[in-house]
Amino acid sequence: MVTEHTNSQQHLVSGWVEEFRPFSKNGQCANYIPALAEKNPLQLAISIVGPSNNEMKAGDTTELFTLQSVSKVVTFILACMDRGLPYVLERVDVEPTGDTFNSIIRLESHRPGKPFNPMINAGAITVSSMLSGISPQEKIEKILYFLEQMVGKKLKVNEEVFQSEWQTANRNRSLAYYLMDSGFLDCPVEEALEVYLKQCAIEVNVSDLAMIGLVIANDGYHPQLKTQLFPKQVAKLAKALMVTCGMYNASGKFSAFIGLPAKSGVSGAILAAVPSHASLNSPFPDGCGIGIYGPAIDSIGNSVAGVKLLKHLATEWDMNIF
Ligand code: DON
């Protein structure tokens, strides 16, 4: 139910979107994936969803975009459920790198070649390879079904974005071959890549993103379904990884000055999970999920206007988890 109070807050959020939209000019749409380069860089949208299905949204909220690296959190959670934590952690570490998301350097310099964390491409490709399923299609169906439970509707892979990236994925292919060589892939290179690139191309809007954030904020419990979708221990680990590695090599600054578990993607997506203890002074005192879309990204890969908007909102509503 929307109250008078939330109506005035809603007005405030709409104003913030317009205030921060012009910052998009300081970024550019990802140009290494041709289908993303064509997006309108001035778009900006936000959705904030609380456990009683209370939502505030503003900006270009009907725009569809792809999850890209935000999908890494989802597949990490699924792999932990599929294989158990010890199996996953034997194959991927939980240490931040400080390197760019698609860097290959540590795979050789850090013996025995184990990927540093599941939020960089090397770790995410490893995680995708270990999902259960006899084919890439079965693995993708599984990811889509898991997401459907969280967001309450069927999602699909944007074939154009997938094809666009599949044909230009030389760096990811190199990473996958290196991982295969050092024994970290559970399936053939092309299959792991197909799963990874298709999960990146799953299409959502900001409300979907906020719902995923809400379930993560609630330690895997879906407040509307009243169901534990994944174990609390896995949710805690996912949030720790979001804090330490979720915003690429800007994760330190993001934690220091915004202080929220978050994950970004080169499509300009940002997912944040706000626990209740950090949102007591906000219109969402029982916690919330936040979804943001602003396709103009900085050189690190984070939405320029999106990060500014999230910083402002988290400061105004006193949401820093620390
Ligand atoms: O692997 C890629 O390049 C993209 N599909 C995803 C990149 C992304 O969002 C950044 N990853 N941390």
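Not measured: the values here are computed from a predicted model. Atoms within a ligand are numbered from 1 in the order they appear, just like the ligands themselves.
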query: Under 4.0 Å between a Lys/Arg side-chain N and an Asp/Glu carboxylate O for Glu203 and Lys156?
result: yes
- request: State plainly whether the residues Lys198 and Glu194 are in salt-bridge range, i.e. N to O under 4.0 Å.
  value: yes
field: Tyr248: ring pair (Phe, Tyr, Trp, His ring centres under 6.0 Å) partners, not counting sequence neighbours
entry: Phe101
Charged N-O contact under 4.0 Å between Glu190 and Arg173: yes
- prompt: Does the pair Glu90/Lys114 count as a salt bridge with the N-to-O cut at 4.0 Å?
  reply: no
query: Near ligand 1, which protein residues have a heavy atom under 4.0 Å away?
result: Tyr32, Gln68, Ser69, Lys72, Phe101, Met119, Asn121, Glu165, Asn172, Tyr196, Cys200, Tyr248, Gly265, Val266
- prompt: Quick one: do Lys139 and Asp82 make a salt bridge, cutoff under 4.0 Å?
  reply: no
